[in-house]
Amino acid sequence: MPLILAIESTCDETAAAVVADGYDVRSNVVATQIELHAKYRGVVPEIACRAHIENILPVLREAVETAGTRLEDLDAIAVAYRPGLIGSLLIGVTAAKTLAWALGKPLIGVDHVHAHLYSVKLETNAAPPFPAVGMVCSGGHTALYDVQDFSNITLIGTTIDDAVGEAYDKVAAILGLGYPGGPAIDQLAATGSPTAIHFPRSTLGRDSLDFSFSGLKTSVLYQVRGHKGRERGLESLTPSQVADVAASFQAACVEVLVKKIQRAAMQTRAKSIILGGGVSANRGLRAAMANFHLPVFFPPMRYCTDNAAMSAGLAALYFRDGKFSGLDLDAIAYSLFAR
Ligand code: KG4
Ligand code: ZN
């Protein structure tokens, strides 16, 4: 099985990794841009793109050096070429194409969302029974997939408005918790009461596998700021009331995610559940899935958020199957599997 170097630059992390055999992570370098975007409480695409240009070569060098490999020993160069911010994607795709051409190695383009699902295999080489239901929950995606195997993935449900991670980030801003909000809310939620406030759980009809989080987000806003004519501010809440809002919000999110996974598993007769993406690091979600009636696979914590190891791993499968990309590979902002 191959030794693959992958590049990830879909959003605001510049990452490179070397992975052997599809799971043995030899290096995993992630340069985060959190500090650059924190004051805007979200990713600014132009700033992200410029930071990728500055970070890409040092990150690549560190990934190769840490792995203790020589460039000529690599079997292929992989890159997440969709979906993401177009300016960000372009940097990674251009770097990967240049390396592949200069080294005379094959190029392998992978879908970033599919790579998030594959991340459950990293380090452990876990083998989920197929068909599986996959859920990618992150800052950019909340989607369900019918996973026949890791190279045969079909979208079966997605958010009609915000991604769940986006809702976490916005609620964190409402609660004055900074960016990114997911880890902060997760931590605070552990100290609050999940039943203190009953926030709405939108399930969009009996059989729907789609998601909606905008109503929940607005409901948190009204809970904290009050309604028209009776406005109040965050400062009117005690620290324990803020923790209750965080815990109650998290309970609503987790309940919806688990319910939809359950629904999807029934509809597709899945044999296991695979989760990935930044929100799959959430402790509330992990606890809620602990007693699920099917085997559940989460990525190791460090591979939940964006990284290149997951792309290098998935690319090993494509390498085996001879699924290579040409040097005309283009960055694509949207998922080809989007509805
Ligand atoms: O996968 P990721 O790094 O980027 C995208 O592809 O979007 O996910 C980042 C998202 C952010 O919205 C962040 O707030 C959220 O994942 N996140 C979490 C947790 N850790 C990260 N959300 C809830 N609980 C967490 N522990
Ligand atoms: Zn991601």
Side-chain angles (χ1 to χ4, degrees), residues 6-15 17 28 30-34 37-38 40-43 45 48 79-85 88-89 92 110-120 122 134-143 145 158-159 162-175 177-190 194 211 213 216-217 246-247 249-258 275-289 298-311 313-314 333-335 338:
I7 297 173
E8 150 69 37
S9 69
T10 59
C11 187
D12 61 338
E13 326 277 6
T14 321
N28 180 44
V30 182
T32 173
Q33 304 176 8
I34 284 175
H37 302 286
Y40 306 102
R41 294 186 187 159
V43 177
V79 62
Y81 74 102
R82 72 173 187 226
L85 301 171
S88 292
L89 285 162
V110 303
D111 183 298
H112 173 78
V113 177
H114 294 184
H116 267 306
L117 291 173
Y118 186 91
S119 62
V120 298
L122 293 174
M135 187 174 76
V136 176
C137 43
S138 69
H141 311 275
T142 309
Y145 298 87
T158 188
T159 181
D162 292 348
V164 62
E166 204 178 339
Y168 263 90
D169 294 337
K170 286 178 182 160
V171 165
I174 294 168
L175 296 180
L177 295 175
Y179 173 84
I185 290 189
D186 196 6
Q187 212 173 349
L188 193 58
F211 301 87
F213 291 101
L216 170 59
K217 185 187 65 190
F249 163 75
Q250 175 144 309
C253 284
V254 168
E255 190 180 311
V256 169
L257 295 177
V258 173
L275 293 104
V279 184
S280 69
N282 187 267
R283 285 186 288 171
L285 179 60
R286 286 182 177 235
M289 290 300 290
F298 278 99
M301 280 299 208
R302 62 184 157 288
Y303 304 118
C304 290
T305 46
D306 288 347
N307 65 85
M310 60 188 191
S311 301
L314 180 57
Y334 55 88
S335 170

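First listed ligand is number 1; within each ligand, the first listed atom is number 1.
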(message) Using 30° and 60° as the class boundaries, would you call the ring planes of His141 and His112 parallel, tilted or perpendicular?
(response) tilted
(request) Specify side chain, backbone, both or neither for Asp169, according to which of its non-hydrogen atoms lie closer than 4.0 Å to ligand 1. (result) side chain
(request) Examine ligand 1 and decide if any of its atoms is less than 4.0 Å from a heavy atom belonging to His112. (result) yes
(request) Supply the atom-to-atom distance Asp162 CG to Lys217 NZ, rounded to the nearest 0.5 angstrom. (result) 3.5 Å
(request) Enumerate the atoms of ligand 1 whose separation from the nearest heavy atom of Ala281 is less than 4.0 angstrom. (result) 26 (N)
(request) With heavy atoms of Thr305 as the reference, note each atom of ligand 1 found under 4.0 Å away. (result) 1 (O), 3 (O)
(message) How far is atom 6 (O) of ligand 1 from the closest protein heavy atom, and which atom is that?
(response) Asp306 OD1, 3.2 Å
(request) Could you name the option among Asn282, Val136, Ile185, Val164 that has the heavy atom nearest to atom 23 (C) of ligand 1? (result) Asn282
(request) Measure the distance from atom 22 (N) of ligand 1 to every protein heavy atom, then report the residue, atom name and distance (to 0.1 Å) of the closest one. (result) Gly182 CA, 3.3 Å
(request) Return yes when Cys11 approaches ligand 1 closer than 4.0 angstrom through a heavy atom, no otherwise. (result) no
(request) Any chance you could measure Asp169, atom CG, to Leu177, atom CG, to the nearest 0.5 Å? (result) 11.0 Å
(message) Within this structure, what is the OH-OG distance for the pair Tyr168 and Ser138, rounded to the nearest 0.5 Å?
(response) 13.0 Å
(message) Can you name the atoms of ligand 1, numbered from 1 with element, that are less than 4.0 Å from a heavy atom of Gly139?
(response) 5 (C), 7 (O), 8 (O), 9 (C), 10 (C), 12 (O)
(request) To 10°, measure the OD1(Asp306)-the Zn ion (ligand 2)-NE2(His112) angle for me. (result) 90°
(message) Under the side-chain hydrogen bond (donor to acceptor under 3.5 Å, both in side chains) test against His116, which residue among Asn307, Thr305, Asp306 passes?
(response) Asp306
(message) Show the nearest heavy-atom pair for residues Ser9 and Gly92, with the distance to one decimal.
(response) OG-N, 3.1 Å
(message) Nearest non-hydrogen contact with atom 15 (C) of ligand 1 belongs to which option: Val43, Val279, Thr10?
(response) Val279
(request) Nearest 0.5 Å please: distance from the CZ atom of Phe249 over to the CD1 atom of Ile174. (result) 8.5 Å
(message) Please find the pair of heavy atoms, one from Val164 and one from Cys137, that lie closest to each other, and give the distance.
(response) CG1-CB, 3.6 Å
(request) With rounding to the nearest 0.5 Å, note down the distance linking CG in Leu117 to CE in Met310. (result) 9.5 Å
(message) How close do Ile185 and Ala172 get, counting heavy atoms only, and between which atoms?
(response) CD1-N, 3.6 Å
(request) Answer with yes or no whether the side chains of Asn28 and Tyr303 bring together a donor and an acceptor at under 3.5 Å. (result) no
(message) Out of all atoms in ligand 1, which are within 4.0 Å of some heavy atom of His116? Include the element for each.
(response) 1 (O), 6 (O)
(request) Could you tell me whether any N, O or S atom belonging to His116 is less than 2.8 Å from the Zn ion (ligand 2)? (result) yes
(request) May I ask you to check whether Pro180 has an N/O atom sitting below 3.5 Å from an N/O atom of ligand 1? (result) no
(request) Pick one of side chain, backbone, both or neither for how Asp186 approaches ligand 1, counting any non-hydrogen atom pair under 4.0 Å. (result) side chain
(message) Between ligand 1 and Tyr168, is the shortest N or O to N or O distance under 3.5 Å?
(response) no
(request) For atom 21 (C) of ligand 1, state which one of Gly165, Gly278, Gly284 supplies the nearest heavy atom. (result) Gly278
